Amino acid sequence: SKKKGLSFEEKRARMMEIFFETKDVFQLKDIEKIAPKEKGITSMSVKEILQSLVDDGMVDTDRIGTSNYFWAFPSKALHARKRKLEELESQFAESSQKKEALQKSIQKSKIGREDTAERAALMEELAALRQKKEQLKAEIDKYRECDPDVVEEMRQTNKVAKEAANRWTDNIFSIKSWAKRKFGFEESRIDKGFGIPEDLDYID
């Protein structure tokens, strides 16, 4: 079966793991080598993902001589994320209050009146605020995914899933070995009979 590719946010979280786990400073070429090998991020997308993290203040960068260097430490990333979350939540609260005020104004304007230009304008502004609210919610969720605690939780979940998959793979190999000894079946016949992929193997 075809492996599902990583989402943009999963790539961002995994790239943050590189910085958090090593606490080192890298050049772009270093990350382009490490990310595909250790985190499953395609080298083609490394630059875009890294730039998005720099733009969001999650990763620091500086030019020394002719080279650009990148780094991010958990404490710095956590504070940056908290500041951004506070800013977004403040904007979200303001938008919610304005939306509520507009809804009340719209309800009031309906009493004994036909549709008016003012009401149409209020409805348009309300729709724009609803869209802004959804954008802010998406922004908040994005920063939560870059939380070092969330990254660590994702890493632990992936570790448990990997161990479970390898345990089941080991069980399948054991049963196949027993069936070959007990009944003299060929391995290909066992695979075909039980729908076992020929390339079944442990996950590295």
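Owing to the predicted nature of the structure, the values given are computational and were not obtained by experimental measurement.
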Enquirer: Measuring only between side-chain heavy atoms, which start at C-beta, is Asp62 closer than 4.5 Å to Trp71?
Expert: yes
Enquirer: Counting N and O atoms only, with roles assigned by atom type, does the side chain of Lys23 sit under 3.5 Å from a partner on the main chain of Phe20, one being a donor and the other an acceptor?
Expert: yes
Enquirer: Could you pull out the closest heavy-atom pair between Leu136 and Gln91, with the gap in Å?
Expert: CD2-OE1, 3.4 Å
Enquirer: Kindly indicate whether the side chain of Arg12, heavy atoms from C-beta on, has any atom under 4.5 Å from the side chain of Asp56.
Expert: yes
Enquirer: Using side-chain heavy atoms (C-beta onward) and a distance below 4.5 Å, is Val25 in contact with Phe70?
Expert: no
Enquirer: Please check: side-chain N/O of Ser52 versus main-chain N/O of Ile49, any donor-acceptor pairing under 3.5 Å?
Expert: yes
Enquirer: List the atom of Leu6, the atom of Lys11, and the distance in Å for their closest heavy-atom pair.
Expert: O-CE, 3.6 Å
Enquirer: May I have all residue pairs that pass ring-ring contact (aromatic ring centres under 6.0 Å, His included) and include part of residues 26-67, sequence neighbours excluded?
Expert: Phe19-Phe26
Enquirer: Mind checking ring-ring contact (aromatic ring centres under 6.0 Å, His included) for Phe92 and listing every partner two or more places apart, or none if nothing turns up?
Expert: none
Enquirer: Ile196 and Ile175: same hydrophobic cluster, using ILVMFWY side-chain contacts below 4.5 Å?
Expert: no
Enquirer: Taking side chain to side chain contact (heavy atoms under 4.5 Å, CB included) as the criterion, tell me which of Asp55, Val59, Ile18 meets it with Leu50.
Expert: Val59
Enquirer: Restricting to pairs with a member in residues 129-139, which pass salt bridge (Lys or Arg N to Asp or Glu O under 4.0 Å), not counting sequence neighbours?
Expert: Glu139-Lys142
Enquirer: Once side chain to side chain contact (heavy atoms under 4.5 Å, CB included) is applied, do any residues pair with Gln131, and if so which ones, sequence neighbours excluded?
Expert: Gln135
Enquirer: Who pairs with Glu21 by salt bridge (Lys or Arg N to Asp or Glu O under 4.0 Å), at least two apart in sequence or on another chain?
Expert: Lys39, Arg155
Enquirer: List for me each residue that meets salt bridge (Lys or Arg N to Asp or Glu O under 4.0 Å) alongside Arg14, sequence neighbours excluded, and say none if there are none.
Expert: none
Enquirer: Kindly write out the residues that satisfy side chain to side chain donor-acceptor pair (under 3.5 Å) with Glu125, not counting sequence neighbours, or none if the list is empty.
Expert: Lys98
Enquirer: What closest approach, in Å, do Lys33 and Pro36 show between heavy atoms, and which atom pair accounts for it?
Expert: O-CD, 3.6 Å
Enquirer: Residues two or more places apart in sequence or in another chain: which of them pass salt bridge (Lys or Arg N to Asp or Glu O under 4.0 Å) with Glu48?
Expert: none
Enquirer: Could I get the full list of side chain to side chain donor-acceptor pair (under 3.5 Å) partners for Glu32, not counting sequence neighbours?
Expert: none
Enquirer: Can you check side chain to side chain contact (heavy atoms under 4.5 Å, CB included) on Gln27 and Asn68, steps first, answer last?
Expert: CA-CA 6 Å; Gln27 288 182 264; Asn68 289 319; over 6 Å; no
Enquirer: Could you pull out the closest heavy-atom pair between Lys99 and Leu129, with the gap in Å?
Expert: N-CD1, 4.2 Å
Enquirer: Could you tell me which residues satisfy side chain to side chain contact (heavy atoms under 4.5 Å, CB included) with Glu38, sequence neighbours excluded, listed by chain and number?
Expert: Ile34
Enquirer: What heavy-atom pair brings Val46 and Met15 nearest, and what distance separates the two atoms?
Expert: O-CE, 3.7 Å
Enquirer: Can you measure from CG (Asp24) to CZ (Phe73) and round to the nearest 0.5 angstrom?
Expert: 8.0 Å
Enquirer: Which residues satisfy the side chain to side chain donor-acceptor pair (under 3.5 Å) test with Ser45, sequence neighbours excluded?
Expert: Thr42
Enquirer: Using the side chain to side chain contact (heavy atoms under 4.5 Å, CB included) criterion, which residues pair with Gln156? Sequence neighbours excluded.
Expert: Glu152, Lys159
